[in-house]
Number of protein chains: 2
Amino acid sequence: MTVLRTPRGGASDRGVPDATVARLPLYLRALTELSDQGVATCSSQDLSSAAGVNPAKLRKDLSYLGSYGTRGVGYEVEYLRYQIAREIGQTQEWAVVLVGVGNLGQALSNYQGFTPRGIHVAALVDADPARVGTTVAGLTVSAMADLPAVVAERGISIGIIATPAEAAQDVADALVAAGVTSILNFAPVVLDVPDNVDVRKVDLSIELQILAYHEQRKAGSSLDPVLEVQV
Amino acid sequence: MTVLRTPRGGASDRGVPDATVARLPLYLRALTELSDQGVATCSSQDLSSAAGVNPAKLRKDLSYLGSYGTRGVGYEVEYLRYQIAREIGQTQEWAVVLVGVGNLGQALSNYQGFTPRGIHVAALVDADPARVGTTVAGLTVSAMADLPAVVAERGISIGIIATPAEAAQDVADALVAAGVTSILNFAPVVLDVPDNVDVRKVDLSIELQILAYHEQRKAGSSLDPVLEVQV
DNA sequence: CCTTGTGAAGCTGTTCACAGCC
DNA sequence: GGCTGTGAACAGCTTCACAAGG
């Protein structure tokens, strides 16, 4: 029994580090590519370069899942692929509900990248009565009031928020009330949700602002009037 | 390249830590909201809760920029906002070029969240001749061949790739050849670019896969047959 | 030989707790 | 008194380098 004192009621024991979990889908994609190319076996070198990480990191990451390689040889592509797929829950289908069928919402509904990953947008919801009942990407848009029914019927536990910032918190509350326990949030707001609900945020303008910061630094060594004052 | 004296043994020649840079836009947004609400002064507590981080982290982050607060009082909203805006290069306008005017590309062109952040999509480019010449979000779509001219004319240094995965590397090469030095990549591939080019990646399906992993764990705590082996 | 798997070292980021200043 | 700014402790992640084992 590994009962550790949790210092200050902190994190429970977590098998696989977060940083590793975030890379597993990358490895999975790389393995799928190798598999499509007919490659049966690969080294950590091969796989890591396909995934854009360094080999030591890849091996460390895989070591958290188990010993799925063969020393002196490498990894069997299909076998490793299955192990990672199982670890990240991709042996099952995940139905997600998307709230907010504006420009971004429509683009996400039509996005083809989800489908081969065991994830599909199964329902669309919008607060605008003008959009309710219309068909987008082959799905009929439901009203917010129908959210609980939609979630229950299709066994949905993941929601995507693609609404304007003002609506996002209300939508999050509605999703949580309907039983959703994971949210991917595209709205530029900090959502307040219960502890048992996971939220991941994708903030498009922040990504660009980070790039702009680095651009400014590149350009700034010659132009920037601000001085780094040294004493 | 400005080399700062390391004021203290710790964080060295690299002024502001990456993790801090990634949060500055968040603080900026929170400050703008406070400012809009007519708040003139705020504590690290106020600001950090608006930005969804803890107060110590906020103060530490701000300390990398300078001493912009007043002990015993807090921060002057407008002043701090200006300082952060300056730090992340938001006192200037950034024109970006978006390549790939499919569903996602069109959604991004129409996205309103960039505009108040000093960033705007100034040009659209697509490889499909059927799209070239059409108007999207008030902009005429240019051909790939015109990329160098477009970039040069508008002084663009940031590009967005919203093409299918297959095209992304070629587009990246073209952007780099045209003079772009920062890329925001939405295509699910690892881009190969020169060292002086910054790439940030937004991978929609990976975000969902990470959520699915955690969902599986929540559901699996009663089912999971994996045992913790003891030595 | 070969490449994996992994302790250990090193680094980055976070949190604590309190000195410093208003 | 109250809040900022920051060294120091801590936690987590990455990288190294080598033992383990085909």
Side-chain angles (χ1 to χ4, degrees), chain A residues 4-24 26-27 31 34 39-77 79-80 83-84 210, chain B residues 4 6-24 26-27 31 34 39-77 79-80 83-84 87 210 229 231:
Chain A
L4 291 176
R5 294 186 308 133
T6 53
R8 309 207 338 103
S12 48
D13 84 290
R14 43 172 12 67
V16 183
D18 286 345
T20 296
V21 170
R23 283 186 295 266
L24 292 178
L26 224 53
Y27 302 152
L31 285 165
L34 289 175
V39 177
T41 299
C42 66
S43 65
S44 65
Q45 181 66 253
D46 301 334
L47 184 52
S48 68
S49 79
V53 304
N54 88 28
K57 194 189 282 184
L58 171 79
R59 292 202 303 276
K60 191 64 141 180
D61 284 342
L62 295 183
S63 77
Y64 293 114
L65 313 190
S67 283
Y68 296 134
T70 309
R71 292 170 197 236
V73 179
Y75 302 93
E76 203 191 319
V77 172
Y79 178 62
L80 182 58
Q83 294 300 341
I84 295 179
I210 294 170
Chain B
L4 286 179
T6 70
R8 196 66 48 182
S12 51
D13 53 355
R14 196 124 80 86
V16 182
D18 286 344
T20 296
V21 170
R23 283 186 295 264
L24 292 178
L26 225 51
Y27 303 152
L31 284 166
L34 289 174
V39 177
T41 299
C42 68
S43 65
S44 66
Q45 180 67 254
D46 300 335
L47 183 53
S48 68
S49 79
V53 304
N54 86 29
K57 194 189 281 185
L58 172 80
R59 292 201 302 277
K60 191 62 139 183
D61 283 343
L62 295 183
S63 78
Y64 293 115
L65 313 190
S67 284
Y68 296 135
T70 309
R71 293 170 199 235
V73 179
Y75 302 92
E76 203 191 319
V77 172
Y79 178 63
L80 182 58
Q83 294 300 340
I84 295 179
E87 182 71 28
I210 294 170
V229 180
V231 186

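Order of the sequence lines sets the chain letters (A, B, ...), proteins ahead of strands, with each chain counted from 1. What you see is a predicted model; the values in this text were computed from it and never measured. What you see below is based on every heavy atom in this structure, not just the backbone, and it leaves out hydrogens, waters and symmetry mates.
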Mark up nucleotides 15-22 of chain D, 5' to 3', with B wherever a protein heavy atom is under 4.0 angstrom from a base atom, S wherever such an atom reaches only the sugar-phosphate, and - elsewhere. BBB-BBBS

Evaluate the side-chain proximity of [Y] to [X]: yes if any heavy-atom separation is below 4.5 Å, no if none is.
X	Y	value
A/L62	A/R59	no
A/L65	A/L24	yes
B/R23	B/V53	yes
B/L47	B/L80	yes

At their closest point, which heavy atom of A/T41 faces which heavy atom of A/V39, and how far apart are they? O-CG1, 3.2 Å

I need the [atom1]-[atom2] distance between [X] and [N], as an integer number of Å.
X	N	atom1	atom2	result
A/L65	C/dG5	CG	P	10 Å
A/L58	C/dT6	CG	C1'	14 Å
A/D18	D/dT14	CG	P	11 Å
A/D61	D/dC13	CG	C1'	10 Å

Closest to the B/S63 side chain, choosing from D/dT14, D/dT6, D/dC13: D/dT6

Distance below 4.0 Å between A/Y75 side-chain N/O and C/dG5 OP1 or OP2: yes

Between A/Y64 and D/dC13, does any side-chain N or O lie under 4.0 Å from OP1 or OP2? no

Would you mind listing every ring-ring contact (aromatic ring centres under 6.0 Å, His included) that reaches into residues 45-70 of chain A, with sequence neighbours excluded? A/Y68-A/Y79

What distance do B/E76 atom CD and B/T70 atom OG1 have between them, rounded to the nearest 0.5 Å? 7.5 Å

Using a cut-off of strictly less than 4.0 Å between a heavy atom of the residue and any atom of DNA chain C, enumerate the qualifying residues of residues 42-51 of chain A by number. A/S43, A/S44

